[in-house]
Amino acid sequence: MKKLGFGLMRLPYSESEEWGHVDLEKTKEMIDAYMAQGFSYFDTAWVYHGGFSEKIFGELVAKRYPREQFQVVSKMPVWELKEESDLERIFEEQLKKCNIEYFDYYFLHSLGTGNYESAEKFHGFEFIQKMKAEGKIKHIGFSFHDNAEKLDQILTKHPEIELVQLQINYIDWESDNVQSRKCYEVAMKHNKMVAIMEPIKGGSLANIMDDAKKLFTDYNPNASVASWAVRYAASLDNILVVLSGMSNMEQLNDNMSYMKDFVPLSAEEQDVVAKATDLIKSTIAIPCTACRYCTDGCPQKINIPRMFELYNESKRYGVASFKWHYNEELKKSGNPADCIECHLCESNCPQKLQIVDLLKEVGKTFN
Ligand code: SF4
Ligand code: SF4
């Protein structure tokens, strides 16, 4: 199987609300071009495109191509489970929407603190094993958003899991928050295959600062900036697939051009990526290391390192791309505006950051 997976979550936009604002005609053209070049892996989920992604897959792929010509993965939205019977209800509906008899791969969606506990509570792991035994799933796994320790804990408890989907890209490889490298190493320790999501970090690594871009184009003027990020991810061992949520034919054609006959990054190319990573990281506005020494004592439960991470990202790639993440974080933790200036966090910060003032700056940036 070729390693470029078609993520069905950022499909071409249409003004029409029908099909969840997805332009079906353009999507069909992209799917046909992708299949024509021998690619075959589709990644969908219950929640993508307001619930239409699976239906679009069913209409444009499953109804139009022989079953043996494609592989498809979908995912169980564990946060929607209210009782155990929801697992079967959702799963059967997914098969119907996708117009198939079985999933090649099936994941518990977005495990991490909270969703993992919900998956355990409603016996999600037992359910996917049962569906596998009945032939309705070929391979079971989960997608993951948390730290390496949590991943190790889940994989130790569930050796039946065959693969994990992780966020891996060259900027997050050593990140203390995302922990790409550490999570990948845990997956290797447990002998799991890995599907990679966010290789271009939501598109931001296609649009990097000029100096870093120059490093790439000086080395190879014919390769797109995005191609370095996708090839970086695909060069790791034991990778099943690297997903790209492609939104137009241009992105698809670019991705296919270097993934059709994939060549891993050479040592020299890895060096160029390392230099670009250093350059991009040197523009980091707040040098927080995400050690979290500041968070435990905060009476307002402000997720300080996450706030600083989002601020740093917004400085590099623009506020618009991170406003949604900021608002999502505020649903789970305290608002910087509610800081009572007790300065407890500052006394614990090994980087000696002026946290109170910096939080004010974060609040100003996102409001
Ligand atoms: S100064 Fe603000 S952010 Fe720091 S511990 Fe006190 S309330 Fe929390
Ligand atoms: S203690 Fe300082 S460096 Fe550590 S997470 Fe908090 S703000 Fe960041």
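In each ligand, atom 1 is the first atom listed, and ligand 1 is the first ligand listed. If you're wondering where the values come from, they're calculated on a predicted model, not measured in any experiment.
Side-chain contact, Gln165 with Tyr105: no donor N or O sits under 3.5 Å from an acceptor N or O. For the 3.5 Å distance criterion, the side chains of Glu54 and Ser74 qualify, holding a donor opposite an acceptor.
Close contacts between ligand 2 and Arg292 involve ligand atoms 4 (Fe), 5 (S) [criterion: under 4.0 Å to a heavy atom]. Numbered from 1 in the order shown, with element, the atoms of ligand 1 that lie under 4.0 Å from a heavy atom of Val356 read 1 (S).
Judged by distance alone, the side chain of Thr44 and the main-chain N or O of Leu8 form no donor-acceptor pair under 3.5 Å. At least one donor-acceptor pair under 3.5 Å links the side chain of Glu117 to the backbone N or O of Gly114.
Here Cys349 does not reach atom 8 (Fe) of ligand 2: none of its N/O/S atoms is less than 2.8 Å from the metal.
When each of Asp211, Asp218, Thr217 is paired with Lys214, the side-chain hydrogen bond (donor to acceptor under 3.5 Å, both in side chains) condition holds for Asp218 and for no other.
For atom 8 (Fe) of ligand 1, the tally of protein N/O/S atoms lying closer than 2.8 Å stands at 1.
Seen from the ring of Tyr311, Arg306 does not count as a face-on cation partner, given the 6.0 Å and 45° thresholds.
Applying the side chain to side chain donor-acceptor pair (under 3.5 Å) definition to pairs two or more places apart or across chains, those involving residues 84-93 are Glu83-Ser85, Glu84-His123, Asp86-Arg89, Glu92-Lys136.
Looking only at heavy atoms of the protein, atom 1 (S) of ligand 1 is closest to His343 N, 3.2 Å.
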Evaluation steps, side-chain hydrogen bond (donor to acceptor under 3.5 Å, both in side chains), between His343 and Glu346 = CA-CA 5 Å; His343 295 273; Glu346 292 181 0; 2.9 Å; yes
